[in-house]
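Chain identifiers are assigned alphabetically (A, B, ...) following the order of the sequence lines, protein sequences preceding nucleic acid strands; residue numbering begins at 1 within each chain.
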Protein chains: 2
Amino acid sequence: MAKPKTEEFTPDEIYLSDVAKALSHPARLRIMKILTEMNVCMCGEIVDLLPLAQATVSQHLKELKRVGLIQGDIDGPKVCYCVNTDNLTKAKAEMEKIFSNLTKKGALSCKTKKK
Amino acid sequence: MAKPKTEEFTPDEIYLSDVAKALSHPARLRIMKILTEMNVCMCGEIVDLLPLAQATVSQHLKELKRVGLIQGDIDGPKVCYCVNTDNLTKAKAEMEKIFSNLTKKGALSCKTKKK
DNA sequence: ATCGTTTATCGCAAATATACGATAATATAG
DNA sequence: CTATATTATCGTATATTTGCGATAAACGAT
């Protein structure tokens, strides 16, 4: 009875909420910041930059990979992570839409409309 | 042992991850879309536009209010909801930062860097 | 005061998310 | 092949989220 009713929503809504969910943890935000600033980063370095255990960081990386915001390429025994530019650009554009309408004009509040 | 370690992160990281969390459910995204398009909407109308029970929608509205993305003003027995423009603008600016660095140039991937 | 309307809150059940130690998997070096 | 290094996955405990019926709270109308 507490199963999220995702089937009741549009693919657009589900995709964007999924991206938002991936960004809804401070550790994952920090990973995104690290990768956008450094372009490329070894897994071990990311672990060292976070106050979490290696297993936990690995899970967060997996979540970001799941929604396609980052990718990891095997480099010997290490893994090299970077932002998936195409997907991040797309996510950015979708996110813009949500925030765009209010900038149009006035965007009346309840109070200003009534009084 | 599974308590989120929020105290290990910066206020900026926590704030933005909190906004992302508020947007991480398709129902809440749809509410934001409704409010940005209609400027203002009675609670009952929002309930009618969602495939969820009234109690559930009320909880989603509460979550969006908690992070300040919307506000609700009492209007007789009804409640009139609208976007909190100031806060949404601020959240938008913060979100931009996360997405901005990659647009700089190349944003080399692991593979392009190596090969 | 009582009734109908509207919305928030409570209490509960089920599903997810978070965190980490232990272990497996993979690759390199010797 | 063995040992070391690096990362992913498993198992498990706890915390949080999601959903909804039932109920409370707030208001206007009668």
Side-chain angles (χ1 to χ4, degrees), chain A residues 1-9 13-14 17-31 35 40-67 70-82 110 114, chain B residues 1-9 13-14 17-31 35 40-67 70-82 110 114:
Chain A
M1 287 179 182
K3 189 185 307 180
K5 306 180 79 172
T6 48
E7 66 285 353
E8 304 277 2
F9 296 91
E13 287 167 342
I14 293 168
S17 67
D18 223 29
V19 170
K21 191 176 67 175
L23 298 174
S24 73
H25 191 290
R28 293 193 291 267
L29 274 186
R30 186 177 296 179
I31 291 170
L35 290 182
V40 139
C41 201
M42 292 298 159
C43 176
E45 298 179 81
I46 297 174
V47 171
D48 292 341
L49 290 170
L50 289 173
L52 299 168
Q54 180 267 324
T56 308
V57 174
S58 187
Q59 273 188 159
H60 285 309
L61 288 166
K62 187 180 181 180
E63 171 70 7
L64 288 169
K65 252 193 305 188
R66 185 185 63 81
V67 297
I70 68 173
Q71 66 189 64
D73 300 298
I74 298 172
D75 178 16
K78 301 186 179 181
V79 175
C80 176
Y81 280 98
C82 64
C110 316
K114 288 203 53 163
Chain B
M1 288 182 179
K3 187 186 306 176
K5 307 179 79 173
T6 48
E7 66 283 353
E8 304 277 2
F9 296 92
E13 286 167 343
I14 292 169
S17 67
D18 223 29
V19 170
K21 191 177 67 175
L23 297 173
S24 73
H25 192 290
R28 293 194 291 266
L29 273 185
R30 186 177 294 178
I31 291 170
L35 290 181
V40 138
C41 200
M42 293 298 161
C43 177
E45 299 178 80
I46 297 173
V47 171
D48 292 341
L49 291 170
L50 289 175
L52 299 168
Q54 180 266 324
T56 307
V57 174
S58 188
Q59 274 189 156
H60 285 308
L61 288 166
K62 187 181 182 181
E63 171 70 6
L64 288 169
K65 253 195 301 189
R66 184 185 64 80
V67 296
I70 69 173
Q71 67 189 62
D73 300 299
I74 296 171
D75 178 16
K78 302 187 180 182
V79 174
C80 176
Y81 280 98
C82 65
C110 316
K114 288 203 51 161

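Put simply, the side chain of Gln59(A) and the base of dA8(D) share no donor and acceptor less than 3.5 Å apart. Judged by distance alone with a 3.5 Å cut-off, no donor-acceptor contact links the side chain of Glu63(A) to the base of dA17(C).
With dA15(D), dT9(C), dT7(C) as the candidates, the nucleotide lying closest to the side chain of Ala55(B) is dT9(C). The side chain of Ala53(A) lies closest to dG21(C) when the candidates are dG21(C), dT6(D), dA8(D). Considering only the side chain of Lys3(B), dA15(D) comes nearest among dT9(C), dA15(D), dT6(C).
Checking the phosphate oxygens (OP1, OP2) of dA19(C), a side-chain nitrogen or oxygen of His60(A) falls inside 4.0 Å. OP1 or OP2 of dA8(D) sits under 4.0 Å from a side-chain N or O of Tyr81(A).
Summary of the strand contacts: Thr56(A) and Pro4(A) both lie near DNA chain D, and taking for each the nucleotide with the nearest heavy atom, the more 5' one is attributed to Thr56(A). Summary of the strand contacts: Pro77(B) and Glu45(A) both lie near DNA chain D, and taking for each the nucleotide with the nearest heavy atom, the more 5' one is attributed to Glu45(A).
Atom-to-atom, CD of Gln71(A) to C1' of dA8(D) comes out at 18 Å; the value is rounded to the nearest Å. Note: CG (Leu61(B)) to C1' (dT18(D)) measures 15 Å, nearest angstrom. As rounded to whole Å, 15 Å separates atom C1' of dT26(C) from atom NZ of Lys78(A). Counting to the nearest Å, the C1' atom of dT18(C) and the NZ atom of Lys21(B) are 12 Å from each other.
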Gln71(B) and Cys82(B): CA distance, side-chain angles, deciding distance, side chain to side chain contact (heavy atoms under 4.5 Å, CB included) verdict: CA-CA 6 Å; Gln71(B) 67 189 62; Cys82(B) 65; 3.5 Å; yes
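Within the 3.5 Å criterion, the main-chain N or O of His60(B) finds no donor-acceptor partner in the side chain of Arg28(B). At distances below 3.5 Å, at least one donor-acceptor pair connects side-chain atoms of Ser24(A) with backbone N or O atoms of Lys21(A). Side-chain N or O atoms of Thr56(A) include none that pairs as donor or acceptor with a backbone N or O of Leu52(A) at under 3.5 Å.
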